[in-house]
Amino acid sequence: MKDKLTALLEKAITTASGRGLLQLEKIPSIEVETTREDAFGDYATNAAMVLASSVRDNPRKIAKAIVDSMDDREGLIEKIDIAGPGFINFFIRDSVWRGLLEEIERLGDRYGETNAGQGKRVQVEFVSANPTGPLHIGHARGAVTGDVIANTLRAAGYAVSREYYINDVGNQMNTLGRSVFLRYRELLGEKIDFPPEYYQGQYISDLAAEILKSHGDKFLTLDEKDVLAFFTPFAANAIMKGIRDDLGTFGVVFDCYFSERDLYRDEGVAKLLQELQEKGFIYKEEETLWFRTTDFGDEKDRVVVRENGEPTYFAADIAYHRNKYIRGFDTIIDIWGADHHGYLPRVYAAIQALGKEKDTLKIVLVQLVSLLRGGKPVAMSTRSGEFVTLREVVDEVGKDAARYNFLMRRSDSQLDFDLEVAKKQSNENPVYYVQYAHARICSIMRTAGERGLNVPAFDKVDLGLLKLPEEILLIKHITRYPEVLEGSAAVLEPHRFTFYLNELAAIFHSYYNKHRVISEEDELSRARLFLMKCIGTVLRNALSILGVSAPEKM
RNA sequence: GGGCGAUUAGCUCAGUGGAUAGAGCACAGGCCUCCGGAGCCUGGUGUCGAGGGUUCAAAUCCCUCAUCGCCCUCCA
């Protein structure tokens, strides 16, 4: 609808210009927006005011010239007002709104999808937690954000791949292996002074016990190097398996797990550094190699190879991003914890040094989660191994409530997650409010079926009977869903869906309490049933993007 | 000290160039002979942190300041 109006307007401006009503060199980009109040119609444009300065004329006069040149062949528009400082307000015919329901029926669970992405390949990389322990609540928000962004992009016509980058190289991996080995020795009766910087959780001892059971005490006599060669990958693999399982119960499934170790295979990182060196972005200072990221606006240059000859994490990360491009992705999306924001400029520098456009990489920052229970903060500390795991949260509050609660804020604003509220089945918890709307519609359908009323097809129903303002409002709201999806995909903002769903559920519940869908008048009942079916479709589609179930009964 | 972000109703937050700034929660009162009360209806509050600037128009853009958070590893 918005697109159609924009097209009509552009044409009208051209026409007006041709007829000499407007003097302008070029047509500026005009915007059509949904209005805030009914009195301003359904859509409005600021075109006249935007044109005012270049045309050097009164906005209201310009608006009139535009309106007079509009050619509404399809008969979409009921009335046009020129209001306020020069807004042009469009009132769409009710019959046009009703007609849009046909598309909902026809497309069903695909309603809302667009082809904005035109099949372009997008990779969304998220979670990517080190396999040194189970995922905790902080990872959960990143997991949902990435998952829903991926769902959204897929619905918007992109070919999406979800990826988890496994940081299985570096000090922490060694620390992991050593932690397990220490617990192993402890289990064999040795008195151990367990260092505080080692991984503390119970899962470390469990892994040690597992190794003891399957391999006995044979590692006691081996060199540390040989011990770690077994312990580190054993622990990492076991933990990684747990992470996958936990993500699975949270509804998050990846297409690809990419191991940092693979980047080093065949001298991959070294070759990359060679390439950057040839391009002149690398310089040597004593034994250290530096990447001139300041060429691209970073505040200082960054080390890629340390004094001791080891490449840094950043060096591997450049190789990783290059690898992504080599795999043919048109757009790369990284979902990061907001505490990594200082890392952004150097990664943008890196991809530009590799010859990629800056806007092919999009980095979404996810802010911290404060975990509460009944309004009181829950103490969490990774060091002491006291943290609430993702699995515990899912077990306690359920997948749907957990996911929905993480999506109720912009991802870059801090979020309080209260376990008591999230599991409460009350009006403090919006997920049930939305799901309840869906269950209610299903219930209406069941009742209708029992009374021998079936939902008619679009061409077998007299939608003209839907005359109530509440009904027109509902139709307007559900037919706006494709715009919500497209907008969310364009700016990578999943929270737009929860806000939309809450509004839709609210106007549905209100309607339900005020009017009866099933009445003695069969034709009216059938028309309303059709509307209910369409609302149900939109609720289900939007919830499905969020990875939240749409129950038929609760 | 430098960088980034935040500051909007009692609380938690939407809104990033448009018209009289919104939602949920909390609070108070009401609504079931009726398709599910996990629901609905009614009630009100804002120096949009402060000050300046840009323009037809600023919560939104720019500058200064204040407060808070995060980051400033040859860690990942």
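This is a predicted model, so every value here is computed, not measured. Both backbone and side-chain heavy atoms feed into the values below; hydrogens, waters and symmetry mates do not. Chain letters run A, B, ... following the sequence lines, proteins first and then strands; every chain starts at 1.
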It should be established whether [X] places a side-chain nitrogen or oxygen under 4.0 Å from OP1 or OP2 of nucleotide [N].
{"X": "A:R36", "N": "B:G22", "result": "yes"}
{"X": "A:T447", "N": "B:C35", "result": "no"}
{"X": "A:S510", "N": "B:G39", "result": "no"}
{"X": "A:Y436", "N": "B:A38", "result": "yes"}
{"X": "A:H495", "N": "B:U12", "result": "no"}
{"X": "A:R496", "N": "B:G15", "result": "no"}

Donor-acceptor contacts under 3.5 Å from residues 168-179 of chain A side chains, at least two apart:
| residue | atom | partner | partner atom | Å |
| --- | --- | --- | --- | --- |
| A:D168 | OD1 | A:S259 | OG | 3.3 |
| A:D168 | OD1 | A:E260 | N | 3.2 |
| A:D168 | OD1 | A:R261 | N | 3.0 |
| A:D168 | OD2 | A:S259 | OG | 2.5 |
| A:D168 | OD2 | A:R261 | NH2 | 3.1 |
| A:Q172 | OE1 | A:N130 | ND2 | 2.7 |
| A:T175 | OG1 | A:N171 | O | 3.0 |
| A:R178 | NE | A:E224 | OE2 | 2.9 |
| A:S179 | OG | A:T175 | O | 2.7 |
| A:S179 | OG | A:Y199 | N | 3.2 |

For [X], report the nucleic acid contact type (base, sugar-phosphate, nothing); a contact means any heavy atom under 4.0 Å.
{"X": "A:K553", "value": "base"}
{"X": "A:Y433", "value": "sugar-phosphate"}
{"X": "A:F499", "value": "sugar-phosphate"}
{"X": "A:H515", "value": "base"}

Could you tell me the separation between the CD atom of A:E521 and the P atom of B:C35, rounded to a whole number of Å? 18 Å
Sequence neighbours left out, what passes side-chain hydrogen bond (donor to acceptor under 3.5 Å, both in side chains) with A:T288? Give chain and number order. none
Please list, chain by chain and in numerical order, all residues satisfying side-chain hydrogen bond (donor to acceptor under 3.5 Å, both in side chains) with A:K399, sequence neighbours excluded. none
Minimum-distance nucleotide to A:E299 side chain [options: B:G3, B:A76, B:G37]: B:G3
Checking base pairs now: Watson-Crick or wobble, both atom distances under 3.5 Å. What partners B:G69? B:C4
Non-neighbouring partners of A:E503 that pass salt bridge (Lys or Arg N to Asp or Glu O under 4.0 Å), sequence neighbours left out: A:R480
Listed partners of A:K514 passing side-chain contact (heavy atoms from CB on, under 4.5 Å), at least two apart: A:E470
Which of residues 398-414 of chain A sit near RNA chain B, with a heavy atom under 4.0 Å from it? A:R409, A:R410, A:S413, A:Q414
Taking the six-membered ring of A:Y512 as reference, does the cationic atom of A:R440 (NZ for Lys, CZ for Arg) lie under 6.0 Å from its centre and within 45° of its axis? yes
